[in-house]
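Just below is one structure, and these are the notes that go with it.
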Amino acid sequence: MSRPEFDEFAGRYDELLAGSMPEGLNEDAYFASYKIDLVASRHPRNTVHRILDYGCGEGRSLPYLRDRYPDAQLWGFDVSEQSISMASQRVPDARVSADWREITATHFDLIIAANVFHHIPLDAREAALSDCRDVLAPGGCLYVFEHNPYNPVTRHVFENCPFDVHAEMLTMRQTTQLATNSGLHILHRAYTLFFPRPLKVLRPLERFMGRLPLGAQYYVQMGR
Ligand SMILES: C[S@@+](CC[C@H](N)C(=O)[O-])C[C@H]1O[C@@H](n2cnc3c(N)ncnc32)[C@H](O)[C@@H]1O
């Protein structure tokens, strides 16, 4: 098997991402926590016992998940062993692995895949989503966050980011279709990440804006 692409970028992920963002929007940690805030606002902490960060990379989301769900078991999976090793340093109590077989014995109330599927080859996406479906607990939810190809700032970042060279963005419609093909039900979907940090007081407005294809990203919430 070829070496996972992100092994090459491990340790430089934050720096490379920051370098591809337009001046003034260099707020990667803010956007990572934005997504976890969104999920946490929809799933109270007492309903979530096991969480999987699928494609966790270097574990950027893990500290926010730990913060919002202090009592939950936190797991991370990524195909890049180098990234996994960094993630385990970031949040030592998270159970992280690059071996999917170590994940399959557990069922998760919440699975989050943030900016992962555009890195998976087209012909492997359905199988990856089916893997996620198989480890969802009854009543569990899977959130797929993806870049919004219609947002010009997102396109700029995507086109300038060295680790997006082989990636292919998915529209919300394509992600929805993928979910349906993988035997998942769509529970909700919306555009998100409308407001950079200087405008963060406006974030409560986002709940009325989910259909506007202007957010930097979107999410599709799925269940079995
Ligand atoms: C852009 S990074 C996102 C990392 C993390 N989710 C975040 O938000 O910071 C994409 C990650 O997806 C991982 N990845 C690519 N193909 C994968 C697959 N088939 N299964 C799981 N992870 C995969 C890469 O190794 C990389 O760490």
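Both counts, for ligands and for their atoms, begin at 1 and track the order of listing.
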- Message: So if I count the atoms of ligand 1 from 1 in the order they appear, which ones are less than 4.0 Å from some heavy atom of Ser80?
- Response: 25 (O)
- Check each atom of ligand 1 against the heavy atoms of Arg60 and keep those under 4.0 Å away; list them by number with element. 7 (C), 8 (O), 9 (O)
- Heavy-atom distance under 4.5 Å between the side chains of Val220 and Met172, does that happen here? yes
- Check whether any side-chain heavy atom of Gln217 sits under 4.5 Å from a side-chain heavy atom of Glu146, and report yes or no. no
- Task: Tell me which part of Cys56 gets within contact of ligand 1: side chain, backbone, both or neither, using heavy atoms under 4.0 Å.
- Result: backbone
- With heavy atoms only and a cut-off of under 4.0 Å, state how Ala114 meets ligand 1: side chain, backbone, both or neither. both
Return the option from [options] holding the heavy atom at the smallest distance from [atom].
atom: atom 25 (O) of ligand 1; options: Asp7, Leu62, Asp78, Ile36; result: Asp78
atom: atom 6 (N) of ligand 1; options: Ala127, Gly55, Gly57, Ala32; result: Gly55
atom: atom 17 (C) of ligand 1; options: Asp131, Val79, Asn115; result: Val79
atom: atom 19 (N) of ligand 1; options: Ile120, Ile84, Asp53; result: Ile120

Please list the nearest protein heavy atom to [atom] with its residue and the distance rounded to 0.1 Å.
atom: atom 12 (O) of ligand 1; result: Val116 CG1, 3.6 Å
atom: atom 20 (N) of ligand 1; result: Tyr54 OH, 3.2 Å
atom: atom 1 (C) of ligand 1; result: Tyr13 OH, 3.2 Å

For [Y] together with [X], are the ring centres under 6.0 Å from each other?
X: Phe145; Y: Tyr218; answer: no
X: Tyr69; Y: His43; answer: no
X: Trp75; Y: Tyr54; answer: no

- Phe77 to ligand 1, any heavy atom closer than 4.0 Å: yes
- Task: Begin with the C-alpha distance, continue with both residues' side-chain angles, and end with the deciding distance and a verdict on salt bridge (charged side-chain N to carboxylate O under 4.0 Å, His left out) for Asp93 and Arg66.
- Result: CA-CA 9 Å; Asp93 81 326; Arg66 173 47 74 229; 2.9 Å; yes
- Message: Ring of Tyr191, cation from Arg211 - is the NZ or CZ under 6.0 Å from the centre and inside 45° of the axis?
- Response: no
- Query: Got more than 12 heavy atoms from elsewhere within 6.0 Å of OH, Tyr150?
  - Reply: no
- Message: Looking only at distances, can you tell me whether any N or O atom of Ser83, backbone or side chain, sits closer than 3.5 Å to an N or O atom of ligand 1?
- Response: no
- Geometric class of the His119/Phe163 ring pair [parallel <30°, tilted 30-60°, perpendicular >60°]: tilted
